[in-house]
Structure formats: C-alpha cells, structure tokens
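Basis for what follows: all heavy atoms, side chains included, without hydrogens, waters or symmetry-related copies.
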Amino acid sequence: MRWSAWRAKAPFKDSVQPKVLSIVDDALAELGAEPDPECWVVWGDDPSSRYTLLVPTPSGLVLVNVRVSVPGEGPRAGGKIVRWPRVQLGELAVEIQGGHRLVTFQVETQVLNGADANADAIAVFAQTIFAAVDGRPAPAPAKGRATPAKAGAASKSTKAGTSSRAGASASSRQLTAPKGLPT
C-alpha cells in the first residue's frame, strides 16, 4: 500500500498533518525512498504520538520512526536503512478457518498480524520484502481474489444454470503445486 493510502486511513488526523508529513517526506527522500513509496505503517499503541514506517528500497529496508509532537520541539522523524542481508525476517504464517484468514509476519522487531483483508495486505507486503531480499521485482498483488462471500455467490449462480468455475476454483488454484513439483 502506498504512503498516500496509509495517510488517508490514519487513525488520528493529527498524526499526518502537513507539519508532520514534511519531516517524514524529507526523511524518506534522504534515505533513498521514492515519493509516495510502497510501505507498511505500524501505528503501534498510540498512533496519536508515534508510529513507524517500513519501506522497501533497492538499498535495503528503510525504517522511519515518527514522533508526532515532541514537547518544545514539534514533530520529529528519525530513520535508517537496514541493508537487505542484515534485515531480520520471520516466517509468513497463515491460518485459515471458516472462510477467515489470519496472517502473522515479523520484520525487524515489528510483528504484523491481521485477519481477512488486513491479512491479505500483510501477505502482499511480506512477499514484497521477500522479493526485495532476493533481488527480484516486487510481485503484483492478486486482483479479484475469491473471498468466502464471493465464492458463495459464484456457487449460487452455478446452481442457477450458469456454468462458471471461476469462483469455485480460485481457492483451489492457490493450493495446487506447479507442474513438476510433488504435491
């Protein structure tokens, strides 16, 4: 998700006021991130006072810690680039039950976990990080993924007389091994 999309859904609008954004954008530019980069924002326990941006770049993972209001000083952003060989990554884990997904991923000291749509976003970010570590281009996010509600609607339309396997087979396509690999 782009930094502009994160700003639009910030839990506290004061966290992304122009005065704060100017120092965050300056820190990102100084560390080699593109304007409006793909990133992950860890809002933390008190996003009204601090949050962290994780930005994959060709050089490494950019970490920017933002303090919204330092008494007597105003907003502050401090950041660093962690070179890809030194980035600490955990496993991308998924648990699926009853049509719901739970994903957990750890990068550096940040544990990212979420359910359903948030789980999908975390999985895409994790795949982007894995690709960057390997020197591969970032994967394109999957479009039109069949959610439990869409899959149910597709099966109802199949019962009504239309012959479409798209909704019913979307989840099975993700779980089948590529040709040549053992299943």
Going by side chain to side chain contact (heavy atoms under 4.5 Å, CB included), name the residues that satisfy it together with [X], two or more places apart in sequence or in a different chain.
| X | result |
| --- | --- |
| E108 | L61, L63, V82, V87, Q88 |
| Q97 | none |
| T104 | V111, N113 |
| D46 | S48, S49 |

Distance, nearest 0.5 Å, that separates [atom1] of [X] from [atom2] of [Y]:
| X | Y | atom1 | atom2 | answer |
| --- | --- | --- | --- | --- |
| R136 | T128 | CZ | OG1 | 9.5 Å |
| D26 | L21 | CG | CG | 10.5 Å |
| L112 | N118 | CG | CG | 9.0 Å |
| N65 | K80 | CG | NZ | 8.0 Å |
| R67 | T52 | CZ | OG1 | 11.5 Å |

Side chain of W84, backbone of T57: donor and acceptor closer than 3.5 Å?
-> yes
Does D36 offer a backbone N or O that forms a donor-acceptor pair with the side chain of S4 under 3.5 Å?
-> no
With F130 via ring-ring contact (aromatic ring centres under 6.0 Å, His included) - residues at least two apart = F105
Shortest non-hydrogen separation from [X] to [Y] and the atoms involved:
| X | Y | value |
| --- | --- | --- |
| A119 | R101 | CB-O, 3.8 Å |
| H100 | D116 | ND1-OD2, 2.9 Å |
| A131 | P139 | CB-CD, 3.9 Å |
| I122 | G114 | CD1-N, 3.5 Å |

Check whether more than 12 heavy atoms from other residues, nucleotides or ligands sit under 6.0 Å from atom CD of Q17, and answer yes or no.
-> yes
Please check if atom CG in D45 has more than 12 non-hydrogen atoms from other residues, nucleotides or ligands closer than 6.0 Å.
-> no
Going through the checks in order, is the side chain to side chain contact (heavy atoms under 4.5 Å, CB included) test met by V62 and L53?
-> CA-CA 8 Å; V62 171; L53 278 83; over 6 Å; no
Qualifying ring pair (Phe, Tyr, Trp, His ring centres under 6.0 Å) pairs with a residue from residues 22-42, counting only residues at least two apart or across chains | W6-W40, W40-F125
Lys/Arg-Asp/Glu bridge criterion (N-O < 4.0 Å) met for E38, R2 = yes
Among the clusters formed by ILVMFWY side chains lying less than 4.5 Å apart, do L102 and L92 turn up in the same one?
-> no
Quick one: are [X] and [Y] in side-chain contact, heavy atoms under 4.5 Å?
| X | Y | value |
| --- | --- | --- |
| L28 | V55 | yes |
| K9 | M1 | yes |
| P75 | V70 | no |

Evaluate the criterion side chain to side chain contact (heavy atoms under 4.5 Å, CB included) for residue pair F12 and V68; output intermediate values, then yes/no.
-> CA-CA 11 Å; F12 292 97; V68 175; over 6 Å; no
Show your reasoning for whether side chain to side chain contact (heavy atoms under 4.5 Å, CB included) applies to V133 and L89.
-> CA-CA 10 Å; V133 168; L89 296 175; 3.8 Å; yes
CA sep, side-chain torsions, deciding dist, call: Y51, V64, side chain to side chain contact (heavy atoms under 4.5 Å, CB included) | CA-CA 8 Å; Y51 55 93; V64 177; over 6 Å; no
